2 protein chains.
Amino acid sequence: MKESERIKSEARAKILKALAHPSRIFIVDKLAEKPYCVCELTEMIGSDTSTVSKHLSILKNAGIATDKKKGTTVYYSLETPCLLRFIGCVEEVIEQNINKQLKSIGQAESR
Amino acid sequence: MKESERIKSEARAKILKALAHPSRIFIVDKLAEKPYCVCELTEMIGSDTSTVSKHLSILKNAGIATDKKKGTTVYYSLETPCLLRFIGCVEEVIEQNINKQLKSIGQAESR
DNA sequence: TTTATTATTGGCTATATTACCAAATAACAA
DNA sequence: TTGTTATTTGGTAATATAGCCAATAATAAA
């Protein structure tokens, strides 16, 4: 692997890692709709505030989300509109996996 | 978070986790072009065969790649064509981050 | 069969990630 | 100022991930 390829792959992996957690992909899904504050997202997710705050900082750090302070509350919003298509693609993989499983169950039954 | 949302988020995160590694996103990029065997990818990546094999099995397990044996060599190929658009989207985030950095450097210099 | 090649699996250590609690910070109101 | 609410940060323990080596398939060739 060339140096440039290594760097490129690492940069891509960094973005993907930021998305690769149930709570974080849930947050991205919610933020796609509208901005939410930490306390609202904490309520939805149901884990500790500090945990959610850390998830948000990971998304922010990856350039996926941005924050805006209003008084004491911090609102997060999506930075990248294309992330919606992104999720759509992940969904395609999931559907494909389900279809494959159904097919293999069908084959098993017909034996 | 509702049970159904939790399950959905976990399924999505599973796919993203499979992609979230420099070597694995590199492999996906290569397989987008044409199928490659384990030894070819090992050569390109430059880590141990067993390591590459494990990366491939992670991609296979997530439904991202499939394998086909020809003699003693195993060829892997991409299962999901939409993964190309996917990478394009990751790239958009990266470019956006770079632009943001450039902008902040510009602002710092003009002070 | 024996040998060589390709790939996978098991075992191990090093490192990274996650979640919680507690403590610190920030903004505002009393 | 003091208290209150919202958020972030530091610390820690549990768990997950990654990479290498060694051992084990699986296939083909000698």
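Lettering of chains follows the sequences in order, A, B, ..., and the numbering in each one begins at 1. Quantities reported herein were computed from a predicted structural model and do not represent experimental measurements. What you see below is based on every heavy atom in this structure, not just the backbone, and it leaves out hydrogens, waters and symmetry mates.
Applying the 4.0 Å criterion to OP1 and OP2 of D:dG10, one finds that A:Lys54 has every side-chain N and O outside that range. B:His21 has a side-chain polar atom (N or O) that falls below the 4.0 Å cut-off from OP1 or OP2 of D:dG19. The phosphate of C:dC20 (OP1 or OP2) has a side-chain N or O of A:Thr51 nearer than 4.0 angstrom. For D:dT8, one of the phosphate oxygens OP1 or OP2 lies less than 4.0 angstrom from a side-chain nitrogen or oxygen of A:Ser53. When the side-chain nitrogen and oxygen atoms of B:His55 are compared with OP1 and OP2 of D:dG19, one or more of them lie within a distance under 4.0 Å.
If you chain together hydrophobic residues whose side chains sit under 4.5 Å apart, B:Ile27 and B:Tyr36 fall into the same group. Note: the hydrophobic cluster containing A:Ile7 does not contain A:Met1 (ILVMFWY, side chain heavy atoms under 4.5 Å, direct or indirect links).
Residue order along DNA chain C, read from the 5' end via each residue's closest nucleotide, puts A:Ala20 first among A:Gly71 and A:Ala20. Residue-to-nucleotide proximity on DNA chain C shows that, of A:Asp48 and A:Lys69, the 5′-proximal contact is made by A:Asp48. Mapping A:Ser57 and A:Thr73 onto DNA chain D by nearest heavy atom places A:Thr73 closer to the 5' end of the strand.
Salt bridge status for B:Glu10 with B:Arg6: present, with a side-chain N to carboxylate O gap under 4.0 Å. A salt bridge links B:Lys100 to A:Glu79: one of the charged nitrogens lies within less than 4.0 Å of a carboxylate oxygen.
Residue contacts for A:Tyr76: at a heavy-atom cut-off of 4.0 Å it reaches the sugar-phosphate backbone alone, with no base atom in range. A:Lys17 comes within contact range of the sugar-phosphate backbone alone, with a heavy-atom separation under 4.0 Å but no base atom that close. Residue B:Ser50 is classed as a base contact, given a heavy-atom separation below 4.0 Å to a base.
Across the protein-nucleic acid pair, B:Ile45 atom CD1 and D:dG19 atom P stand 9 Å apart, rounded to whole Å. Rounded to whole angstrom, the span from the OH atom of B:Tyr36 across to the P atom of C:dT6 amounts to 17 Å. Rounded to whole Å, atom P of D:dT17 lies 17 Å from atom CG of B:Leu56. When rounded to the nearest whole Å, the span between CD of B:Glu43 and P of C:dT6 equals 12 Å. One atom, NZ of A:Lys70, and another, P of D:dT7, lie 13 Å apart when rounded to the nearest Å. Taking atom OH of A:Tyr75 as the reference point, atom C1' of C:dA27 lies 14 Å away to the nearest angstrom. Here the C1' atom of nucleotide C:dT6 and the CD atom of B:Glu40 are 12 Å apart, to the nearest Å. Taking atom CG of B:Leu41 as the reference point, atom P of D:dG19 lies 14 Å away to the nearest angstrom.
Distance from the side chain of A:Thr72 is smallest to C:dA27 among C:dA27, D:dT8, C:dT18.
A 6.0 Å sphere centred on NZ of A:Lys70 holds no more than 12 heavy atoms belonging to other residues, nucleotides or ligands.
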